[in-house]
Amino acid sequence: MSINSLNFILFVAIVCIMYFLFPKKVKWVILLFASYVFYFLASSKLIVFLLATTISIYLAALLIGKIEKNTKKICKEIEDKAKKKEIKNKAKTKKKWVIVATLLINFGFLAFLKYFNFIAGNLNSLFELFHFSIEIPFKDLILPLGISYYTLQAVSYAIDVYRGKIEPDKNLGRVALFVSFFPQIVEGPIGRYESLANQLYEPHKFNYRNAKFGIQLMIWGYFKKMVIADRAGLFVNAVFGSYSEYSGVAIFLAIALYTLQIYAEFSGCMDIVRGTAQIMGIDMAVNFERPFFSRSVQEFWRRWHITLGTWLKDYIFYPISFSKFTLKLTEKAKKLFKNSYIAKLIPAAFALFFVWFGNGIWHGASWKYICYGLYYYIIMLLGMLLEPLGNKIVQLLKVNTKAFSYKLWQILRTTGFVFIGMLIFRSHSLQDAFSMFTSMFSLKSIGSLVDGSLLKIGGLVPQDFTVLIIGVVMLFVVGLLQEKGYKIREKIEEQNLPFRWLLYYGIIFAIIILGIYGPGYVASDFIYGQF
């Protein structure tokens with residue numbers, strides 16, 4: 001059941017009606033029931049993996065809590081400090097083994113289902129290289145819906161219990177709801193227990209303002225997905241599908257339109273998800289904050305797929321940064337390099353490598369995704385390494401860094417880096433990405449700007465590009481207003497009734513009339529759903 005289908009809208013309507021009609025005590029049960037019905041309809045028997053993940057983190061959290069409770073109870077009765085320390089160390093070791101086992105189980109599911117054939121293929125290539133007569137057979141594996149998302153969300157709960165940030169929940173149903181909440185199960189956002197769980201459990205009364213704002217957000221999300229993203233996708237699919245037939249302007253426009261497509265689609269999906277939850281009074285994490293206003297690649301990734309970035313920071317970057325190995329590396333770097341900036345950069349670069357390798361491999365079982373992550377790692381590393389030199393050049397040339405022209409240059413430079421990243425991400429292989437990048441500079445197709453053939457790629461007509469331009473302008477204006485702190489939905493609320501409904505009906509009819517549909521008027525699936 002795709003979230004941009006009529007079936008999903010009907011499903012949400014039924015769930016909301018039931019949620020607000022049933023007694024307070026069972027409202028969260030309605031959400032849990034709806035979430036499992038949604039997941040079963042989408043994944044059928046693969047729901048066992050969701051259940052296994054939920055039960056494993058639930059039991060692990062309870063066991064960690066029990067170890068901690070027993071340790072405190074025993075330590076209260078002991079006065080000897082050395083013995084207390086010994087008992088606490090033993091308890092810490094036990095908890096560590098529990099969390100390691102939990103991570104192995106859950107990431108084991110993910111690794112087997114998502115990466116088995118990728119690993120097998122690479123091992124087979126190595127065996128062939130060294131003339132070993134071994135071949136690992138490929139398996140016909142089906143990936144459960146949203147496993148990459150719910151796995152990260154689930155293990156974050158177990159890790160936070162292990163770290164003592166939250167108490168283990170004794171109610172299995174509530175933990176199950178946190179992991180499986182249906183709006184976010186397909187593409188996130190990746191929630192945290194401390195901010196999301198209580199909202200899911202607390203009964204919410206019907207609130208007209210929440211319902212209105214939630215529906216507004218959903219409509220805006222559908223507009224971004226079906227009018228902008230899917231229309232851009234027609235051009236993108238045609239060029240990337242037969243890239244050897246195109247060059248120059250067509251390749252560059254395909255890369256630009258893919259960047260537009262994936263942003264409009266993924267952020268549109270998040271709007272639909274957050275809008276669905278808001279109708280029921282649940283405030284979900286923001287996953288995008290106008291990334292194309294970023295003035296550096298680092299800032300871009302603080303605004304793009306925010307919940308994945310913060311997960312990688314909290315559960316990979318910080319643990320590695322404060323590990324014994326990294327601390328020793330820091331000490332050696334301080335002794336080896338007199339330049340304190342370089343000394344600080346080395347341990348940060350070490351920890352960041354695992355973050356960006358993780359970011360890449362999370363997106364897919366392919367070397368192109370690993371290179372996609374490492375591409376950003378290299379760009380960021382070079383940025384940090386050259387930052388002192390860049391600052392000196394700016395001072396020497398007396399560049400006004402507060403001027404609009406300088407900020408615009410930074411935004412365009414960042415967008416250029418993002419375009420290259422998107423080329424790697426969308427191409428079928430690294431070889432294809434390199435071929436498309438080099439052919440982008442060809443002048444052979446410059447005539448397509450004049451003869452109109454460029455505007456017919458993918459079955460599009462010039463009017464489609466008019467719609468895309470209007471859509472981009474709308475995205476830019478909305479983003480610019482939000483960037484300046486302008487609360488658009490609140491301002492719309494202040495307007496007179498005829499204006500408000502004219503605006504709502506205008507966007508709804510734009511979706512119906514201008515939306516891109518497949519055979520039988522079926523809307524296309526979301527790109528990020530495959531991850």
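Hydrogens, waters and symmetry mates play no part in the numbers below; they use all other heavy atoms, side chains included.
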Donor-acceptor under 3.5 Å (Lys27 side chain, Phe22 main chain): yes
Side-chain (Tyr115) to main-chain (Ile361) donor-acceptor, under 3.5 angstrom: yes
Value rounded to 0.5 Å, distance of CD1 in Ile492 from CZ in Phe213: 8.5 Å
Tyr19 (side chain) donor-acceptor with His204 (main chain) under 3.5 angstrom: yes
Trp304 and Trp301 aromatic ring geometry - parallel, tilted or perpendicular at 30°/60° bounds: perpendicular
Member of Phe288, Phe417, Phe419, Phe292 meeting the ring pair (Phe, Tyr, Trp, His ring centres under 6.0 Å) criterion with Phe300: Phe292
Side chain Asn122, main chain Phe118, donor-acceptor under 3.5 Å: yes
Neighbour count >12 (heavy atoms, 6.0 Å) for atom CD, Glu167: no
Arg174-Asn198 side chain donor-acceptor pair, cut-off 3.5 Å: no
Expected output: side-chain Gln153 to main-chain Phe178 donor-acceptor under 3.5 Å: yes
Geometric class of the Phe182/Phe11 ring pair [parallel <30°, tilted 30-60°, perpendicular >60°]: perpendicular
Separation between CZ of Phe465 and CD1 of Ile469, rounded to the nearest 0.5 Å: 8.5 Å
Nearest-0.5 Å distance that lies between atom CG in Leu152 and atom CG in Leu312: 7.5 Å
Interatomic distance, Ile306 atom CD1 to Ile190 atom CD1 [nearest 0.5 angstrom]: 12.0 Å
Flag, side chain of Ser427 to backbone of Ile424, donor-acceptor distance under 3.5 Å: no
Matching residue for Phe235 among Asp464, Ile457, Leu468 - test: side-chain contact (heavy atoms from CB on, under 4.5 Å): Ile457
For residues 103-112, which side-chain N or O atoms pair as donor and acceptor with protein atoms under 3.5 Å away, sequence neighbours left out?
{"unit_1": "Asn106", "atom_1": "OD1", "unit_2": "Thr53", "atom_2": "OG1", "d": "3.1"}
{"unit_1": "Asn106", "atom_1": "OD1", "unit_2": "Ser56", "atom_2": "OG", "d": "3.4"}
{"unit_1": "Asn106", "atom_1": "ND2", "unit_2": "Ser56", "atom_2": "OG", "d": "3.1"}
{"unit_1": "Asn106", "atom_1": "ND2", "unit_2": "Thr102", "atom_2": "O", "d": "2.8"}

Verdict with supporting geometry, Arg192 and Asp314, salt bridge (Lys or Arg N to Asp or Glu O under 4.0 Å): CA-CA 11 Å; Arg192 299 294 179 87; Asp314 292 344; 3.0 Å; yes
Any side-chain heavy-atom pair of Asn287 and Phe266 under 4.5 Å: yes
CA sep, side-chain torsions, deciding dist, call: Trp356, Phe317, ring-ring contact (aromatic ring centres under 6.0 Å, His included): CA-CA 10 Å; Trp356 287 103; Phe317 180 77; over 10 Å; no
Leu257 side chain reached by Val239 side chain, heavy atoms, under 4.5 Å: no
Tyr372 and Tyr376: CA distance, side-chain angles, deciding distance, ring-ring contact (aromatic ring centres under 6.0 Å, His included) verdict: CA-CA 7 Å; Tyr372 167 76; Tyr376 280 108; 5.4 Å; yes
Phe33 atom CZ, neighbour heavy-atom count above 12 within 6.0 Å: no
All side chain to side chain contact (heavy atoms under 4.5 Å, CB included) counterparts of Leu10, not counting sequence neighbours: Ile14
Heavy-atom closest pair, residues Pro189 and Ala285: CG-O, 3.4 Å
Enclosure of Leu21 CG (heavy-atom neighbours >12, cutoff 6.0 Å): yes
Aromatic ring pairing Tyr315/Trp311, orientation class (parallel under 30°, perpendicular over 60°, tilted between): tilted
Student check: side-chain heavy atoms of Leu113 and Pro144 closer than 4.5 Å: yes
Member of Arg290, Lys224, His305 meeting the side-chain hydrogen bond (donor to acceptor under 3.5 Å, both in side chains) criterion with Ser267: Lys224
Donor-acceptor contact below 3.5 Å, side chain Asn359 vs main chain Val355: no
Minimum side-chain heavy-atom gap Tyr375-Leu423 below 4.5 Å: no
Nearest-0.5 Å distance, CD1 of residue Ile272 to CZ of residue Phe8: 7.5 Å
Check: Lys114 side chain, Trp362 main-chain N or O, donor-acceptor pair, under 3.5 Å: yes
Ring geometry between Phe223 and Trp220 (parallel below 30°, tilted from 30 to 60°, perpendicular above 60°): parallel
Side-chain heavy-atom pair Ile379, Ile420 within 4.5 angstrom cut-off: no
Pairwise side-chain contact, Arg274 with Val286, heavy-atom cut-off 4.5 Å (strictly under): yes
Gln278 and Met218, any side-chain heavy atoms less than 4.5 Å apart: no
Beyond-backbone contact of Leu374 with Phe353, side-chain heavy atoms, under 4.5 angstrom: yes
Whether Tyr157 and Tyr193 hold their rings parallel, tilted or perpendicular, with breakpoints at 30° and 60°: tilted
Backbone N/O of Leu145 and side chain of Tyr39: donor-acceptor pair under 3.5 Å: yes
Closest heavy-atom pair and its distance - Leu50, Ser180: CD2-CB, 4.0 Å
Exceeds 12 heavy-atom contacts within 6.0 angstrom, atom CZ of Phe434: no
Check: Phe293 main-chain N/O paired with Arg303 side-chain donor or acceptor under 3.5 Å: no
CG on Leu514 to CG on Asp230, rounded to 0.5 Å: 12.5 Å
Tyr377, OH: over 12 other non-hydrogen atoms inside 6.0 angstrom: yes
